[in-house]
Amino acid sequence: MIHAILWLRGQLTCQLLILPSSSLLQKTHHVAIGYLKKIEDLLASVTRTRPQWTRLISAVDHRVDRSLALLRPQAIVDHRALLSSLGWPPSLAGTKNSDSNSEKPAETVNPLFSMKGDLTRKYSESFLSLCNLQELQKRRKARQLHGHDVGNQPRQPLWVIEELVNPLSAAAQHHFSKWVENPEFVFALAYKITRDFVDSMDEILQPLVDKANLVGYSCREEWISGIVIALSTYLAKEIFPKQIELLQESSSSDASSTAVQARVSWLNLVDLMISFDKRTQDLISGTGLLLSVKDDENWQRISVLSVFCDRPDWLEIWAEIERREVFASLKSAMENENNWSKRIEGAMLEYGSDDCKSPAITGAVKHGLSLIIDRARPIPSIALRAEFIRISASPIISEFLGCMFRRCQEAEGLTALADDNALIKVSQSINAARYVESTLAQWCEDVFFLEMENLPVVGEEGGSVFQQEINQLKEFRSEWVDKISTVILRAFDARSRDYLKNKRQWQEHSEEPAISRAIIESSGYIQGRLSKLEDGLNVLDFVTVWRAVATGVDQLLFTGIFAGSPKFSNGGVERLHADLSVLFAVFQAWCLRPEGFFPRLSEILKLLKIDERQLRDSRMVTDKNWLREHGVRHLTAGEAEKIIKNRVYDA
């Protein structure tokens with residue numbers, strides 16, 4: 001095997017030393033490449049069977065590299081000369097349509113379609129030579145890197161397509177230079193070039209690539225990628241620096257119109273880039289073939305928005321401009337009181353479970369955020385999409401949250417949430433927060449956002465890209481729902497204070513106990529407040545409010561009634577039962593068993609109504625099993641014993 005390798009190396013050296021400049025040149029290239037392929041086959045075999053022969057393999061690799069260093073440049077020079085003789089690059093002003101009145105769009109003359117006879121054969125041989133050389137290099141690199149952890153290697157472009165793209169893009173830049181102030185012409189010409197030659201990639205060149213066993217390469221994709229990369233390079237060198245200069249001049253100028261024009265110019269450029277990407281990518285997907293470029297690195301090869309991948313500072317400028325444009329339209333909408341009083345008809349929460357009663361302003365906020373997210377979708381990098389949203393969308397949510405907070409503070413400062421208008425104003429903000437929170441949570445279940453999870457840009461909280469904003473909206477709702485509940489409880493406490501101080505009423509003897517006027521007024525106040533909130537507050541947060549009020553009243557009455565260990569006669573027990581029935585009836589509008597939300601008061605009544613004969617021994621009240629049998633689970637044994645001891649049974 002060693003002798004075979006050395007013999008092949010000698011034959012290769014002889015062939016390279018006598019490279020002719022005649023018509024036999026391509027044949028000689030094929031022979032030399034054939035020898036190199038045989039050497040590579042032997043080296044691959046030795047690497048598998050004799051891995052300890054590293055020095056021999058390295059020595060042969062070194063000599064093959066020297067041979068390739070001579071062969072590849074010569075093959076490229078010859079290929080370029082052949083392309084020149086074919087008329088490549090074609091004149092970009094040329095057209096197949098001689099009739100100036102024709103409505104068909106003009107197409108550039110394609111030399112690949114017009115070549116015939118001997119030129120076709122020579123071009124095919126030269127094309128195959130370069131493809132075979134690239135296939136050989138691909139095999140050699142795979143062998144040399146086998147067993148090494150080298151991570152993701154950058155994809156190498158197809159050499160033969162590069163030789164077509166480079167001279168054509170150089171010719172196109174002559175036209176581009178005249179359109180620095182009119183980038184729409186640059187994109188129009190770039191797309192025309194891409195479209196006019198893409199069919200020849202499939203029909204003429206792809207069979208040759210397949211013949212050379214270059215697996216994983218699509219001539220159509222490589223052609224589009226080559227044009228896109230050339231255009232991206234031109235944008236980065238010529239167009240974007242002009243845009244940056246325009247923005248800097250506008251920032252130092254006193255005229256606001258200059259700043260607006262600079263931002264509009266930037267956004268128009270981005271619009272052209274997004275439109276160009278969509279049209280060129282349609283040239284790939286429109287063939288019915290599956291796009292072979294799914295990951296970020298390969299997606300960037302067919303997107304001019306990859307300019308932002310190389311310049312994240314430009315992405316920040318773009319995101320900031322988008323944020324300012326959206327917020328400018330939202331600011332006036334947030335200041336319009338009608339947008340808070342009107343509701344979004346039919347807007348639902350939790351995937352359509354409940355009416356959110358959200359004010360109309362949230363529709364404008366959702367629309368603005370949707371526009372920003374749609375702008376982020378074409379960015380060919382998951383990390384940069386998340387960064388774009390963080391810079392542009394997150395501040396808008398924070399601004400809206402700040403606006404709602406100020407409105408609630410204003411309502412609280414004026415009346416301490418004591419009147420209907422203040423409750424309505426706070427309810428509007430709570431509904432808006434609930435709607436935006438639900439919308440963000442639903443969006444984050446989309447694959448577009450799921451891909452961004454666990455990225456460093458998302459933050460320490462992890463989860464979705466909007467996790468921090470969702471948490472802030474939850475905290476806002478919780479804070480103001482608690483404040484509403486607290487205000488209602490304080491008012492109830494003030495109205496029932498005399499009722500709670502009157503301990504004698506529990507010792508009165510009456511066959512038909514009168515319901516306390518204080519409890520009627522207090523319960524009526526709660527019913528009025530909750531009914532108002534039911535009309536203005538979304539269902540989910542309203543449930544939280546009335547349950548919090550019920551829990552607070554339960555604790556308040558329990559503490560107030562039994563402070564000072566009052567005695568309870570039979571009439572007092574009946575009076576307490578009648579009073580609590582009025583209170584429970586208020587909450588019956590929102591639940592079937594309201595007493596279940598007043599566990600302490602309900603269990604007090606159970607203990608007070610126990611027949612004296614059932615209490616054979618007062619110590620049994622402290623037994624947990626006895627308490628559970630009588631449905632007492634929320635009172636401690638000490639509390640239950642205290643209640644029983646203060647029960648006075650009539651003789």
Side-chain angles (χ1 to χ4, degrees), residues 243-244 246-248 250-251 253-271 274 308 312-342 344 347 358-379 384-410 428-429 431-440 443-444 449 452 457-459 464-473 476:
Q243 294 291 328
I244 297 295
L246 188 61
L247 286 170
Q248 290 173 344
S250 67
S251 62
S253 174
D254 295 333
S256 59
S257 60
T258 306
V260 172
Q261 289 174 359
R263 293 196 298 269
V264 169
S265 177
W266 182 287
L267 294 177
N268 286 341
L269 176 59
V270 173
D271 288 338
I274 293 174
F308 296 111
D313 54 326
W314 292 352
L315 181 89
E316 293 179 11
I317 294 172
W318 174 25
E320 180 61 22
I321 291 175
E322 294 285 359
R323 183 198 68 79
R324 293 182 63 177
E325 292 295 312
V326 171
F327 183 69
S329 63
L330 285 178
K331 187 176 180 181
S332 58
M334 286 191 286
E335 294 172 353
N336 187 346
E337 195 62 33
N338 289 333
N339 289 329
W340 292 92
S341 58
K342 293 180 181 178
I344 301 177
S358 181
I361 184 61
T362 54
V365 173
K366 179 180 178 181
H367 178 68
L369 293 175
S370 298
L371 290 177
I372 288 178
I373 291 169
D374 288 342
R375 299 288 273 180
R377 290 184 187 276
I379 299 174
L384 289 184
R385 291 197 290 274
E387 179 68 11
F388 182 90
I389 290 172
R390 184 189 68 80
I391 296 173
S392 56
S394 296
I396 290 177
I397 301 172
S398 298
E399 289 282 356
F400 184 59
L401 184 59
C403 176
M404 294 188 292
F405 186 74
R406 289 189 295 272
R407 288 176 60 84
C408 291
Q409 280 189 319
E410 181 183 347
Q428 289 167 348
S429 294
N431 293 343
R434 168 71 75 171
Y435 180 78
V436 174
E437 175 195 332
S438 179
T439 298
L440 294 178
W443 282 353
C444 289
F449 289 100
M452 301 178 193
V457 71
V458 171
S464 69
V465 69
F466 288 126
Q467 192 60 52
Q468 182 177 355
E469 287 72 25
I470 290 174
N471 292 342
Q472 290 172 348
L473 289 165
F476 170 81

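Owing to the predicted nature of the structure, the values given are computational and were not obtained by experimental measurement.
Of the possible polar contacts, one joining the Ser329 side chain to the Val326 backbone as a donor-acceptor pair under 3.5 Å is found. A donor-acceptor pair under 3.5 Å is absent between the side-chain atoms of Arg385 and the main chain of Ala376, judged by distance alone. At least one donor-acceptor pair closer than 3.5 Å links the side chain of Thr439 to the backbone N or O of Tyr435.
Taking every heavy atom of both residues into account, Val465 and Ala386 meet most closely at CG2-O, 4.1 Å. Of all heavy-atom pairs between Ser398 and Gln472, the closest is OG-OE1, 4.3 Å. Annotation for Met404 and Ala432: closest pair SD-CB, 3.6 Å, computed over non-hydrogen atoms. Across every non-hydrogen atom of Phe388 and Trp318, the tightest pair is CE1-CD2, 3.4 Å. Contact detail for Phe308 and Leu315: the closest heavy-atom pair is CD2-N, 3.6 Å. Heavy atoms only, all atoms of each residue included: Ala259 and Ser250 are closest at CA-CB, 3.5 Å.
Ring geometry for Trp340 against Phe400 counts as parallel: the plane angle stays under 30°, on a 0 to 90° scale with 60° as the upper cut.
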Would you sort out whether Ser370 and Trp443 count as a side chain to side chain contact (heavy atoms under 4.5 Å, CB included), showing the intermediate values?
CA-CA 10 Å; Ser370 298; Trp443 282 353; 3.4 Å; yes
Quick one: do Trp266 and Leu246 satisfy side chain to side chain contact (heavy atoms under 4.5 Å, CB included)? Show the steps, please.
CA-CA 9 Å; Trp266 182 287; Leu246 188 61; over 6 Å; no
Decide salt bridge (charged side-chain N to carboxylate O under 4.0 Å, His left out) for Arg407 and Glu337; before the verdict, give the C-alpha distance in whole Å, the side-chain angles of both, and the deciding distance to 0.1 Å.
CA-CA 11 Å; Arg407 288 176 60 84; Glu337 195 62 33; 2.9 Å; yes
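Remark: Ser265 engages Gln243 in a side chain to side chain donor-acceptor pair (under 3.5 Å) (not counting sequence neighbours). Every residue two or more places apart in sequence or in another chain that forms a side chain to side chain donor-acceptor pair (under 3.5 Å) with Glu320 is listed here: Arg323. Under the side chain to side chain contact (heavy atoms under 4.5 Å, CB included) criterion, Ala393 pairs with Leu369, Ile372, Ile389, Phe466, sequence neighbours left out. For Asn338, the side chain to side chain donor-acceptor pair (under 3.5 Å) criterion is met by no residue, not counting sequence neighbours.
Looking at Ile274 and Arg375, their side chains come closer than 4.5 Å, going by heavy atoms from C-beta outward. Using a 4.5 Å heavy-atom threshold, the side chains of Leu401 and Val436 count as separate. With contacts defined as side-chain heavy-atom distances shorter than 4.5 Å, the pair Pro395/Phe327 does not qualify. Between Leu267 and Glu322, the closest side-chain pair of non-hydrogen atoms falls below 4.5 Å.
Here the CE atom belonging to Met452 is positioned 9.0 Å from the SG atom belonging to Cys444, to the nearest 0.5 angstrom. Here Leu440 contributes atom CG and Gln468 contributes atom CD; the two are 12.5 Å apart, rounded to the nearest 0.5 Å. Considering CD of Gln428 and NZ of Lys342, their distance stands at 13.0 Å, rounded to 0.5 Å. A distance of 13.5 Å separates CD1 in Ile396 from NZ in Lys331, rounded to the nearest 0.5 Å. Separation of atoms CZ (Arg263) and OG1 (Thr258) is listed at 10.5 Å; rounding is to 0.5 Å.
Contacts classified as salt bridge (charged side-chain N to carboxylate O under 4.0 Å, His left out) and involving residues 394-406 (residues at least two apart or in different chains) are not found.
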Could you pull out every donor-acceptor pair under 3.5 Å between side chains of residues 359-367 and any protein atom, sequence neighbours left out?
from   : atom 1 : to     : atom 2 : distance (Å)
Thr362 : OG1    : Ser358 : OG     : 2.6
Thr362 : OG1    : Pro359 : O      : 2.6

